[in-house]
Amino acid sequence: MKRLARMFAMVLGVMAADVVGGRPALADPAPFDLAGPSLQITVTRRGTTLPIAAVPQLSAGDKVHVQVLLPATETAHYLMVAAFLRDPTNPPPEAWFSRSETWRPAARGGGPLDLTVPPEAQHLAVFLAPATGGDFVTLRKAVMARPGAFIRAAQDLEQASLDRGRFDAYLAAIRKVSATSPETLAHDAPIIASSLRIKINEECLQRQSEFQAACLLDTKQSVVLGGDGAANATSLTGAATDLAMSLAATPAGGLGYYSPYISTIREIVGIFGAMHTARYQYIPALGVPDGDRLGLVLNTPPSFADPKSVLMATLPEIKPSVIPTSHMPAAAVAPCLGAKGLGAKDPVLPLAVSPLFYATGYAHDLKLRLRGEPGVELPLTPDPVRGGLAIGANPAVPAKLTGPISGVLRGMWGFEPFSGPEVTLQTAGDWHWDRKESGRDDGPLVLTGAASACVASVTVAPAKGKPQPVAWKVTGTDSIGVTLPATADRHDALTVSVNGPDGTAPAVLVVAPPARALPPAARIVAKFSDLPPPDPAAPLLVQLDGADEIAANARLSFTLKADPDARFTGREAVEIGTTGSDATVRLTVGNGLTLVDPTVLVASLNPAQVLGASAYGPLRARLMRGDVAGDWLGVGTLVRLPTIRGLDCPADPAARCLLRGEALYLMASVAATREFDNAANVPDGYPGTTLSVPRVATGAPLFVRLHDAPEIVNRIAAPVVR
């Protein structure tokens, strides 16, 4: 809460300064993107020496070795000054200041500084100043005159460096995933953000995969740092975190430009501006640790003219070590000893740990000590992409371990040893899997048996085919759900292989095909078809007199009624075809099929469009459930109709008439009487557009037998004789 109150006061202070000073409210300080010199730093405590990147806190009595690394071509002379600070109301004594004229050899006042942390000291600052007469005395007097300002600057520099490290770790992880497996970025980015307590813009994950990385790396739009970045690894939670986030997202707070880092930078800039004198201007230098190197990053180019620039960097705070706690989330699944995940990755211990595990080198020599196996330890590596500690292999682990095994996290936090919670690891044990009888055949294949965390992959092989990897997921501590391929022949048995850790023989089981569930029994109870509006250029229509005839170009609808003891589920399909053609069409709910209620289905289609122009003859339909079909049901007789454009009859009453149109080969014969006396027979496949037919009286119909149903007499409605 102290940090929250401080952030709140800071944001209000920045907003007030924006108004009073007349500066634009959206103005941000210059980014820290200028590379400065580097320091080589090691710390020794109780005979153990660590690089600065592995030191979270300094302690009284520590031996600190500091050396500035400058190129051989460096022409500027830098004075390096180390100053210990204690508290704002108590200036440090002169003995707490050390100097090195870095351009000189060690025998003449140059070389590295070897410091011992004195009792009561709380901070260690390192200054790099252009060498001038009296520079050391001037700088020492400035620090002793205003110790509170330098202490505040040291505190904020340390916090900003930690936040910068956390943010850099986020960028590195996003770049790694986008370079190696960009298709998994939408899955991995939230895990990375959670590991490092960073809030990302989730809209980035809704974009196409090739644009996700660019959006996530656009820090001004996508990133806000959360809590748990302080040196003591404590975090804000609940409403406090939400308030801090909302303050950081205001214009005065940096609009989410990985705040509160940006807010801390604003305060640092304000503090250093207040320390400005006519002779010196103090420039903050963020430390970026890498092993024993502390790279200094600047936001202002140094000046070698009055006022000369003095670079100020800070080392970890001097205080008792605070080791962050860790715990196993309640919903976490115990990993499997020796198992490999996708891409042959080591299993991960899903511990909830401080983001500093991932962003710094403070946690080192991490191991998981197995209980019941004296001296056996498994190496652990923090992995923010997978959200936990990756478990490495150890040849000393016995190959045949059975049952769950407990272990304890051991490691070092800087110089201090620590223990984590006791965790459980699964083992392959007796590697066997069986099918669970769930009563359903349309869902995933559920298998139960050994530890699900030990499953590395699953393959399925049909009766005639090679094994293929399939998707699967954990459904319980000893169960998995396997998605069978859509192309698998469910009428034959499948061979399923469940692969475990290296050295474990796959568990092989044969899965019998599912029971063939028949679709519900039903009957056709209603039918309706109509023709499209008549073509003005073809005024003569063939009128169908047969009750079962269905025009191929008509809109056909028919109703299926389930038997009294049957019900429709909406997962059925209706297959429609003719006996005279191999063409069929399958209607489903939402695509030509309407479920009126659990007992009524209505099918609608245009036969010529869905079956093709060559479909004719007895039309039939059957219900389908999956690939299991019911009995065929007769719908009617599908007939194709010619286009009749006119009938021309000469004035001579004894002369025959001439029928004009297209597709006349679809007629078998034409007559003036229903008895078909003196009928005109149409040759098979007749290609002509005119046909000589018997003379008919004005207003009387012609009678026609169609090629597709020659046993039925139809009419050409009342042609006008010309």
Side-chain angles (χ1 to χ4, degrees), residues 527-558 576-581 583 604-620 634-650 656-722:
K527 178 180 63 178
F528 175 79
S529 65
D530 58 357
L531 290 172
D535 183 356
L540 302 184
L541 300 178
V542 176
Q543 294 183 344
L544 301 179
D545 290 342
D548 288 337
E549 286 182 299
I550 301 169
N553 61 341
R555 184 66 183 174
L556 169 65
S557 297
F558 60 90
I576 302 172
T578 62
T579 59
S581 171
S604 300
L605 70 155
N606 184 305
Q609 291 180 0
V610 297
L611 297 175
S614 298
Y616 71 95
L619 187 67
R620 56 185 184 172
V635 179
T637 301
L638 192 66
V639 294
R640 296 164 293 177
L641 304 180
T643 300
I644 308 299
R645 301 200 178 277
L647 181 66
D648 297 328
C649 293
R656 293 171 69 87
C657 297
L658 191 66
L659 189 68
R660 293 179 290 105
E662 289 87 37
L664 300 180
Y665 51 80
L666 294 178
M667 298 185 296
S669 59
V670 181
T673 65
R674 182 175 292 276
E675 291 75 18
F676 274 73
D677 299 327
N678 197 25
N681 294 321
V682 181
D684 291 340
Y686 176 66
T689 58
T690 61
L691 181 68
S692 175
V693 299
R695 191 178 186 89
V696 64
T698 301
L702 278 172
F703 296 92
V704 59
R705 295 181 186 271
L706 296 173
H707 173 275
D708 298 338
E711 71 283 1
I712 302 175
V713 176
N714 299 291
R715 291 175 296 165
I716 299 177
V720 177
V721 180
R722 293 191 295 160

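Numbers here simply count residues along the sequence, with the first being 1. Computed from a predicted model, the values in this text were never measured in an experiment.
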So, do [X] and [Y] sit near enough that their side-chain heavy atoms are less than 4.5 Å apart?
X	Y	result
L659	L702	yes
L540	R645	no
L611	L619	yes
P650	R695	yes
M667	L691	yes

Identify the heavy atoms of [X] and [Y] that sit nearest to each other, and give their distance.
X	Y	value
P694	N678	CG-O, 3.1 Å
R715	R674	CD-NH2, 4.3 Å
A613	R640	O-CD, 3.2 Å
L638	P607	CD1-CB, 3.6 Å

Pairwise distance [atom1]([X]) to [atom2]([Y]) - rounded to 0.5 angstrom:
X	Y	atom1	atom2	result
T578	I550	OG1	CD1	11.0 Å
L666	H707	CG	NE2	8.0 Å
E549	N714	CD	CG	4.0 Å
C649	L658	SG	CG	9.0 Å
D648	R660	CG	CZ	4.5 Å
I644	L541	CD1	CG	9.5 Å

*Sub-3.5 Å donor-acceptor pair from the side chain of D708 to the main-chain atoms of G617, do we have one?*
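No, the answer is negative, given that no donor and acceptor are paired below the 3.5 Å cut-off.
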*Take L544 and L706, measure what side-chain contact (heavy atoms from CB on, under 4.5 Å) needs, and give me the verdict at the end.*
CA-CA 10 Å; L544 301 179; L706 296 173; 3.9 Å; yes
*Could you go step by step and tell me if F703 and V696 meet the side-chain contact (heavy atoms from CB on, under 4.5 Å) rule?*
CA-CA 10 Å; F703 296 92; V696 64; over 6 Å; no
_Heavy-atom neighbours of F676 CZ exceed 12 at 6.0 Å_ =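 Enclosed: over 12 neighbouring heavy atoms sit under 6.0 Å from CZ of F676.
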_With a sphere of 6.0 Å drawn around OH of Y616, does it hold more than 12 non-hydrogen atoms of other residues, nucleotides or ligands?_
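Counting neighbours around OH of Y616, 12 or fewer heavy atoms of other residues, nucleotides or ligands fall under 6.0 Å, so no.
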*Please walk me through it: do V639 and I712 pass side-chain contact (heavy atoms from CB on, under 4.5 Å)?*
CA-CA 11 Å; V639 294; I712 302 175; over 6 Å; no
*Which pairs pass side chain to side chain donor-acceptor pair (under 3.5 Å) with one or both residues in residues 683-693, sequence neighbours excluded?*
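Pairs touching residues 683-693 that pass the test: R656-S692.
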*Given side-chain contact (heavy atoms from CB on, under 4.5 Å), test V693 with L647 step by step and report yes or no.*
CA-CA 9 Å; V693 299; L647 181 66; 3.8 Å; yes
